[in-house]
There are 2 protein chains.
Amino acid sequence: MNDRLPIRRPTIAAVAASAGVSKATVSRYFNHEQLLTPDIAARVKKAIEELDYAPSPMAQALSRGRSRLIGLIVADITNPYSVAVLRGAEKACQEAGYLVMLFNLGNAIGREREAIDALAGYQVDGFILNTLGRGAGVMEALARNGKPAVLVDRRHAGMTADFVALDSADAMVAACEHLVGNGYRELMYVTEPKKGVSSRRERATAFSKYVSSHATRVAGQVFEHSEESESLLEDAMRALILRAKAAKDGRRAAVISGNAVVTLRIASMAAKCHWAFGADLGFLGFDDPEWASLIAPGLSAIAQPTDAIGRTAATCLIDRLHGEEAPPRQILLPGQLVVRGSSSARAGRTQ
Amino acid sequence: MNDRLPIRRPTIAAVAASAGVSKATVSRYFNHEQLLTPDIAARVKKAIEELDYAPSPMAQALSRGRSRLIGLIVADITNPYSVAVLRGAEKACQEAGYLVMLFNLGNAIGREREAIDALAGYQVDGFILNTLGRGAGVMEALARNGKPAVLVDRRHAGMTADFVALDSADAMVAACEHLVGNGYRELMYVTEPKKGVSSRRERATAFSKYVSSHATRVAGQVFEHSEESESLLEDAMRALILRAKAAKDGRRAAVISGNAVVTLRIASMAAKCHWAFGADLGFLGFDDPEWASLIAPGLSAIAQPTDAIGRTAATCLIDRLHGEEAPPRQILLPGQLVVRGSSSARAGRTQ
DNA sequence: TTGTACGCGTTATCAA
DNA sequence: TTGATAACGCGTACAA
């Protein structure tokens, strides 16, 4: 039952023969039906149905130069953010009749070129990129293949392409104002190593800017946390808490996390050190993972509109494919502040 | 700078012309280099490098009938399990020189056929399926396209294909023995609606079997939990706890969760009702999400070897593509019991 | 060993 | 309006 080798789907030639017309006529039935005599069209239609014929997208791609394929390159599919975006993008693509070819970099920077070329080989019509962005070969590879791209979350310096992301600066201000409004004045922003990643840089910058423009009331520092600096982070947080206590003016300490990965680290550290969020330590994190409400007393968060980001990226790209010629767009989507117990105004539990 | 339209990558004809040979010779350079004179091979090589030529996989696919593409159909990309498997599979595919075309069903059963046909249109060489499995058109569509497939996690009744999944029965026994060994004798297994999903059925069956074969010491029930039955579940859990207390023989109550989605529900319910895991209520869940250790006092779990499952599925499929003709295999991978505080022997916190 | 010519399944040009 | 025919970019019998 599984003789899988020589099974061939019917071709346009078979339909043409069966309908007693030429291949060109069958092709026209799909692409320019208006040009066909009703009588002929009906015959072709019948043959198509009898044979259960469907055009081969591959052959179409070869002939037309367009494939209805979209290449999606993602820095790290382990990252829930990437997956959430992927989901929105894939859905929008499907709805527009495009299929997604996926390439996961697995955080292997430097494979960006390889990925672009591999996907371009299959004639993908365009790219959605969520990559590390050392930028090196990327621009060149994109240009060489002459295909449009839209960047997600991470923009490449000097690359002129559509860009979709969270409005980090706006979100950071909202986060800071919320915390400060609730009495947290000793702030620390913890981010993964900024390196070249634009979203990380922009959030850190927005944080620093907020702090310096409210220097009279608020103190703040940026902490770059990498896998190895676990104990350094613990020390920094401990110091932060002590500083707030030492101030004697009732100010409280709070940590802002740059993304869900960092949030996970901080939450497990807090559990280990028996720091109570919302009491000893305020907390608010970028990204709103499903488990945020489960960590007592609930982790406050900036929820990213990941689905909309993915969807926007896809439709934006597809617009380009349909001939949209506008200059590169920068689409920043607003985050949503989700308040839970970890950033409460008064110490203690907040269901 | 973004004149993306008429950029054409060099073709085999261009290389042939540049090297002063025929297209066939260039083709042979890639596919049968042994047949070439060193001198000629060198000339071809030079031309290839100068033009930065790479064969078009699309055209190759059309010509050979094989595309080095693998279609991956997933029931619901929102499910972390699916993503984890996807990750392993995509990696293995990449390493073997295959690219993945992704199709997410978004839990829309009935789109399976559509997905298979869409992917088959692009000449994917084979399928990796993690779908709902009403089975209806699936077998037919697969047969019609004559392409091999490997099933992941969910097997289709009557479909003879390779199958890769967690060894659910074995894992369930391990889970039960662990709980019973720690004094939990009043058990409840909570699963999403079993419907046609084989993995859910198998786990429930294994649970029932364990309970009935230890009926003298252990009581157990299966609870099918759907989105709407939130309050029913709460009632059931409350009753479970009371039953254990009422028994007066020191037996304790424990819940086993069928997957991470259910775990999330139960954890938030426990928080709401102020049930303390490991004290009032034992807990152990299938799937070991990253946040399992953060829920006090740590959620015990059966960790699935998701990466290995994905990787195994992919290599298994690729073996078939390379001519492997063995009868359909059933590959069951062992889960790993991760013990944390939620299933501790004595009440109280267990770091 | 190398080249010629045809096929893979479409679309598009140009006559008819 | 419809039908040959030539691309599209590549592999491969077959001939040289």
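Everything numeric here is computed off the predicted structure, so don't read it as measured data. Chain A is the first sequence line, chain B the second, and so forth, proteins listed ahead of strands; every chain is numbered from 1.
Atom CZ of A/Arg9 is separated from atom P of C/dT10 by 9 Å (rounded to the nearest Å). Whole-Å rounding puts the A/Asn31 CG to C/dA12 P distance at 6 Å. In this entry the distance linking OH of A/Tyr29 with C1' of C/dT11 reads 18 Å, nearest Å. As a whole-Å value, the separation of A/Glu33 CD from D/dT2 C1' is 15 Å. Taking atom CG on B/Leu51 and atom P on D/dG9, their separation rounds to 14 Å, with Å as the unit. Rounded to an integer number of Å, the gap from A/Met58 CE to C/dT11 P is 15 Å. The distance from atom CD of A/Gln123 to atom P of C/dG9 is 18 Å, rounded to the nearest whole Å. The CZ-P distance, from A/Arg66 to D/dC8, rounds to 16 Å in whole Å.
Contact check, B/Ser56 against D/dC8: no side-chain N or O comes under 4.0 Å of OP1 or OP2. OP1 or OP2 of D/dG3 sits under 4.0 Å from a side-chain N or O of A/Thr25. The shortest distance between the side-chain N/O atoms of B/His32 and the OP1/OP2 oxygens of D/dT12 is below 4.0 Å. Side-chain N/O atoms of B/Ser22 include one lying less than 4.0 angstrom from OP1 or OP2 on C/dG3. Contact between the side-chain N/O atoms of B/Gln60 and the OP1/OP2 oxygens of D/dC10 is not found at any separation under 4.0 Å.
A/Leu62 comes within 4.0 angstrom of a base, heavy atoms only. Nucleic acid contact for A/Ala54: sugar-phosphate only, since backbone atoms but no base atoms lie under 4.0 Å from a heavy atom of the residue. When heavy atoms are screened at a 4.0 angstrom cut-off, B/Thr37 is found touching the sugar-phosphate backbone but no base atom. B/Val21 comes within 4.0 angstrom of the backbone, heavy atoms only, and of no base. A/Ile12 comes within 4.0 angstrom of a nucleotide base, judged by non-hydrogen atoms across all strands.
When distances are taken from the side chain of B/Ala24 to each of C/dA12, C/dG3, D/dG11, the shortest belongs to C/dG3. Comparing atom distances between the B/Ser27 side chain and each of D/dT12, C/dG9, D/dA4 picks out D/dT12 as nearest. Nearest to the side-chain atoms of B/Tyr53 among the listed nucleotides D/dC10, D/dC8, D/dG11 stands D/dC10. Of all nucleotides listed (C/dG9, C/dG3, D/dC10), D/dC10 comes nearest to the side chain of B/Ala59.
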List the steps, then state whether side-chain hydrogen bond (donor to acceptor under 3.5 Å, both in side chains) holds for A/Asn31 with A/Arg64. CA-CA 12 Å; A/Asn31 306 305; A/Arg64 306 175 147 145; 3.0 Å; yes
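With hydrogens and angles ignored, a donor-acceptor pair closer than 3.5 Å exists between the side chain of B/Arg28 and the base of C/dG3. In this model, a side-chain donor or acceptor of B/Ser63 finds a partner on the base of C/dG7 within 3.5 Å. Scanning atom types as modelled, no donor and acceptor separated by under 3.5 angstrom connect the side chain of A/Arg8 and the base of C/dG9.
Considering CG of A/Leu86 and CD1 of A/Ile309, their distance stands at 13.0 Å, rounded to 0.5 Å. Annotation: the span from B/Phe30 atom CZ to B/Ile48 atom CD1 amounts to 3.5 Å, rounded to 0.5 Å. Rounded to the nearest 0.5 Å, atoms CZ (B/Arg144) and CZ (A/Arg9) are 6.0 Å apart. With rounding to the nearest 0.5 angstrom, the CG atom of A/Leu72 is 10.5 Å from the CZ atom of A/Phe127.
In this structure, A/Phe103 and A/Ala115 approach most closely via the heavy-atom pair CD2-CB, 3.5 Å. When every heavy atom of B/Arg66 is checked against every heavy atom of B/Asp125, the shortest pair comes out as CA-OD1, 3.4 Å.
When each of A/Val26 and B/Gln34 is assigned the nucleotide of DNA chain C bearing its nearest heavy atom, the one mapping closer to the 5' terminus is B/Gln34. Two residues, B/Phe30 and A/Lys23, neighbour DNA chain D, and the one matched to the more 5' nucleotide by heavy-atom proximity is A/Lys23.
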